[in-house]
*Asks:* 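This is the structure I have questions about; it appears just below.
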Amino acid sequence: MLPQQIAEILRTKPFDSRLFVSGWIKTRRDSGAVSFIELSDGSCLANLQVIAGPGLGNFERLRRDLTTGASIRVRGLLVPSPAQGQEVELRAEEIEILGTADPESYPLQKKRHSFEFLRTIPQLRPRTNALASVARVRSCLNYAVHRFFCERGFFQVHTPIITTSDCEGAGEMFTVTVLAPGELNEKEGFARDFFGRRAGLTVSGQLQAEIYALALGRVYTFGPTFRAENSNTSRHLAEFWMLEPEMAFCDLQGDMEIAEELIRYLVSEVRRECAAEIGLFARFIDRELPARLERIASKPFARLSYGEAVDRLIASGASFEFPVAWGMDLQSEHERYLCEKIIGGPVIVSDYPLAIKPFYMRLNDDRRTVAAMDILVPGIGELVGGSQREERYDVLAERMAQVGLKEEDYGWYLDLRRYGSVPHAGFGLGFERLVQLVTGMQNIREAIPFPRTPGSAPC
RNA sequence: UCCUGGGUAGCUCAGUCGGUAGAGCAGGUGACUGUUAAUCACCCUGUCGGGGGUUCGAGUCCCUCCCCAGGAGCCA
């Protein structure tokens, strides 16, 4: 049977009962012969204060090993705490050392560490309050995602991790091969490889999700995604999780509605379930966080067309490193200025110029814009990118030809438009960016348990 | 990949005009009947990222390589 968790003990406060608690020592304070142990089992942010005194057998010898990082199992009596700072405490009657942690070498100290340093010790990083809190928030978000879609009649589809279709415009693919390094250069190359052609790790599940949306109606795919870009920024990872809903019988308006509803739902759920963690982030990471989350949960997102966004940016008179003009993609500085300065909250920008967006986005009647939408949020930039998909066979075929996609490679994608085509739409949401949004973490590497970036995959 | 800033004790950093390295925290020892980043006293800790150069002398100046962060591009 699993031991009782500290989260439950602190919630139910079963005073005067004898409990067994297991966890790791966060810190210990001594006052005379009495030791105060802050014990965490990871189940919640709060520690349980354990009182250890000379009443314990061989206490002085035991106390040598009760150091930060050590794991222990305690039997004790739960009592109201006579001191400020905590409601309850566990008066230890027996302490068993499960695993010691040599204080001379244990890297985590009773002080704040830089996130950069913590990244060098991935094996101990989640034992810090901050990273453990991020992990709990991430898990909470994960469950909330599935709840949201399940309640709305969506089915989850497991799209492939290994794929032979390179989702146009989505970045460089990692190659998956069984060939020896020398064989890769040979003439037949991938023809002799495992799949008989070049395969790679998925850069997006969208195209396959479309297949299932045009069979099950409402689907979503949620899993790891890989980009072999040599990009070293606080917003990019080589391996990240992407949530991609795809809805049949849905246009761009419906797409924007479901995306906004999703984000506001997820933020509300985290506020409800992870209040302690958000309090920690507000104290140590970002003071503005609670106010920002409150706004997201309670107020509708602003909506602008790309054209309006460009006009507003020009009208603002702000000076940018890159000029703003219709037809150019919005730069990071433009996106940030738009949602942080002009709007002051999340903003949905729609109907981008045809030339700067991928082939599968639906051509608008003006024939120079497509039914695309991005959701920009303060501090992060692009959180969501989506569109209504081009469902008209002729229009799609023409665009594919324009960008040089061969029909023999993407015939299956065109088939969806040849047989029972319907209007449909979807979007991609970067899960780590969402985690950043709700935790205030400035670097995306703190939003995932094991960040993979160029030159770094330590375990 | 480009631009900028960094790399000094276990961690976070200071280090003046080029003169042989220092603070806080952590750790160790001791004091203290209830602490809350406990407190107080004492003690320990260095391949100054690697290599080369200038110099009587380099953490400091020059060259080069490596690594990291922030920003940009690309995107989620």
Side-chain angles (χ1 to χ4, degrees), chain A residues 26-38 46-47 49-55 64 67-69 79 81-86 89 91 101-121 128-129 167-172 202-206 222 224-244 259 283-284 320-322 329-336 356-358 374-377 380-386 427-437 442-445 447-448 453-456:
Chain A
K26 289 286 191 184
T27 178
R28 190 189 94 205
R29 296 177 292 270
D30 295 339
S31 184
V34 185
S35 283
F36 300 87
I37 297 166
E38 297 283 343
N47 300 319
Q49 177 162 278
V50 175
I51 312 300
R64 254 200 350 247
T67 59
T68 299
V79 297
S81 178
Q84 297 282 310
Q86 60 283 314
E89 61 187 37
R91 201 162 288 161
D102 179 8
E104 299 269 12
S105 62
Y106 186 65
L108 296 177
Q109 302 163 357
K110 202 159 44 175
K111 57 167 277 191
R112 291 186 69 184
H113 289 92
S114 67
F115 290 123
E116 191 182 337
F117 169 68
L118 293 175
R119 275 178 230 142
T120 68
I121 45 168
T128 60
N129 285 337
C167 189
E168 155 75 14
E172 285 296 308
T202 183
V203 294
S204 168
Q206 181 201 316
F222 184 26
T225 307
F226 308 87
R227 303 276 166 93
E229 297 284 348
N230 187 10
S231 63
N232 208 313
T233 79
S234 57
R235 310 182 297 286
H236 292 88
L237 294 164
E239 176 182 302
F240 65 100
W241 282 59
M242 186 151 65
L243 171 63
E244 296 174 285
R283 257 198 326 282
F284 295 113
F320 297 109
E321 192 186 337
F322 296 93
D329 210 351
L330 296 179
Q331 304 289 316
S332 286
E333 55 172 346
H334 305 144
E335 294 182 345
R336 243 183 295 123
I356 61 173
K357 288 292 182 184
D374 284 354
I375 301 185
L376 311 176
V377 294
I380 286 157
E382 187 179 343
L383 175 65
V384 162
F427 61 87
L429 179 148
F431 193 58
E432 285 74 21
R433 291 189 182 171
L434 177 71
V435 173
Q436 277 188 279
L437 177 71
Q442 288 177 352
N443 195 310
I444 201 165
R445 289 161 212 176
I448 190 168
T453 52
S456 178

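A, B, ... follow the sequence lines: proteins, then strands. Residue 1 opens every chain.
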*Asks:* Provide, to the nearest angstrom, the distance between the CD atom belonging to A:Glu335 and the P atom belonging to B:A72.
*Replies:* 10 Å
*Asks:* Using the closest heavy atom to pick a nucleotide of RNA chain B for each, name whichever of A:Ala238 or A:Ser332 lands nearer the 5' end.
*Replies:* A:Ser332
*Asks:* Write down the distance between CD (A:Glu333) and C1' (B:A72), rounded to a whole number of angstrom.
*Replies:* 10 Å
*Asks:* With a 4.0 Å cutoff (strictly under), does any side-chain N or O of A:Arg445 reach OP1 or OP2 of B:A69?
*Replies:* yes
*Asks:* Which whole number of Å gives the distance between the P atom of B:U54 and that of B:C63?
*Replies:* 15 Å
*Asks:* Would you check if the side chain of A:Ser31 reaches a backbone N or O of A:Val34 as a donor-acceptor pair within less than 3.5 Å?
*Replies:* no
*Asks:* Between B:G70 and A:Arg235, is there an OP1 or OP2 to side-chain N/O distance shorter than 4.0 Å?
*Replies:* no
*Asks:* For residues A:Glu382 and A:Gly385, report the shortest heavy-atom separation together with the two atoms involved.
*Replies:* OE2-CA, 3.7 Å
*Asks:* Between B:A41 and B:C25, how many Å separate the two P atoms, rounded to a whole number?
*Replies:* 10 Å
*Asks:* Start with the C-alpha distance between A:Leu237 and A:Arg445, add both sets of side-chain angles, then the distance that settles side chain to side chain contact (heavy atoms under 4.5 Å, CB included), and finish with yes or no.
*Replies:* CA-CA 7 Å; A:Leu237 294 164; A:Arg445 289 161 212 176; 4.1 Å; yes
*Asks:* Regarding A:Ser114, tell me which of base, sugar-phosphate or nothing describes its non-hydrogen contacts under 4.0 Å with the strands shown.
*Replies:* sugar-phosphate
*Asks:* When the C1' atoms of B:U47 and B:A21 are compared, how many Å lie between them, rounded to an integer?
*Replies:* 14 Å
*Asks:* Heavy atoms under 4.0 Å is the rule here; annotate nucleotides 28-38 of chain B 5' to 3' with B where the base is hit, S where only the sugar-phosphate is, and - elsewhere.
*Replies:* S---B-BBB-B
*Asks:* Heavy-atom nearest nucleotide on RNA chain B for A:Asn443 versus A:Thr233: which residue maps closer to 5'?
*Replies:* A:Asn443
*Asks:* With P as the reference atom in both, quote the distance from B:C42 to B:A23 in angstrom, rounded to an integer.
*Replies:* 13 Å
*Asks:* Does one side chain, of A:Glu38 or A:Thr27, offer a donor that lies under 3.5 Å from an acceptor on the other?
*Replies:* no
*Asks:* Can you tell me how far P in B:C13 sits from the matching atom in B:G30, rounded to whole Å?
*Replies:* 33 Å
*Asks:* Sort by first number and list every stem of RNA chain B: at least 3 consecutive Watson-Crick or G-U wobble pairs, both distances under 3.5 Å.
*Replies:* B:1-7 with B:66-72, B:10-13 with B:22-25, B:27-31 with B:39-43, B:49-53 with B:61-65
*Asks:* Ring centroid separation for A:Phe240 and A:Phe226, is it under 6.0 angstrom?
*Replies:* no
*Asks:* Look at all strands and tell whether A:Leu434 reaches a base, only sugar-phosphate, or nothing, counting heavy atoms closer than 4.0 Å.
*Replies:* nothing
*Asks:* Taking OH from A:Tyr106 and C1' from B:C25, how many angstroms apart are they, rounded to a whole number?
*Replies:* 17 Å
*Asks:* Could you check whether any side-chain heavy atom of A:Arg227 comes within less than 4.5 Å of a side-chain heavy atom of A:Glu172, counting everything from C-beta outward?
*Replies:* no
*Asks:* Can we say A:Asp329 and A:Lys357 salt-bridge, meaning some charged N sits less than 4.0 Å from an Asp/Glu carboxylate O?
*Replies:* no
*Asks:* I need the CD-P distance between A:Glu321 and B:A72, as an integer number of Å.
*Replies:* 9 Å
*Asks:* Please report the distance, rounded to the nearest Å, between CZ in A:Arg336 and P in B:G71.
*Replies:* 8 Å
*Asks:* Separation of A:Glu244 atom CD from B:C75 atom P, in whole Å?
*Replies:* 15 Å
*Asks:* Work out how far the P atom of B:U60 is from that of B:G52, and round it to whole angstrom.
*Replies:* 14 Å
*Asks:* Side chains of A:Phe36 and A:Gln49, heavy atoms from C-beta outward: is any pair under 4.5 Å?
*Replies:* yes
*Asks:* Consider only side-chain N and O atoms of A:Glu239 and A:Thr225, and report whether a donor and an acceptor are under 3.5 Å apart.
*Replies:* no
*Asks:* If the C1' atom of B:C17 is compared with that of B:G59, how far apart are they to the nearest Å?
*Replies:* 15 Å
*Asks:* For A:Phe115 and B:G70, give me the distance from atom CZ to atom P, rounded to whole Å.
*Replies:* 12 Å
*Asks:* Without decimals, in angstroms, what is the distance between A:Leu118 CG and B:U12 C1'?
*Replies:* 12 Å
*Asks:* So what does A:His113 hit on the nucleic acid, given a heavy-atom distance under 4.0 Å: a base, only sugar-phosphate, or nothing?
*Replies:* sugar-phosphate
*Asks:* Between B:A14 and B:G22, how far apart are the C1' atoms? Round to whole Å, please.
*Replies:* 8 Å
*Asks:* Does the ring centre of A:Phe320 sit less than 6.0 Å away from the ring centre of A:His334?
*Replies:* yes
*Asks:* Under 4.0 Å, heavy atoms only, any strand: does A:Phe117 hit a base, just the sugar-phosphate, or nothing?
*Replies:* sugar-phosphate
*Asks:* Working to the nearest 0.5 Å, report the span between CG of A:Leu434 and CG of A:Leu243.
*Replies:* 8.5 Å
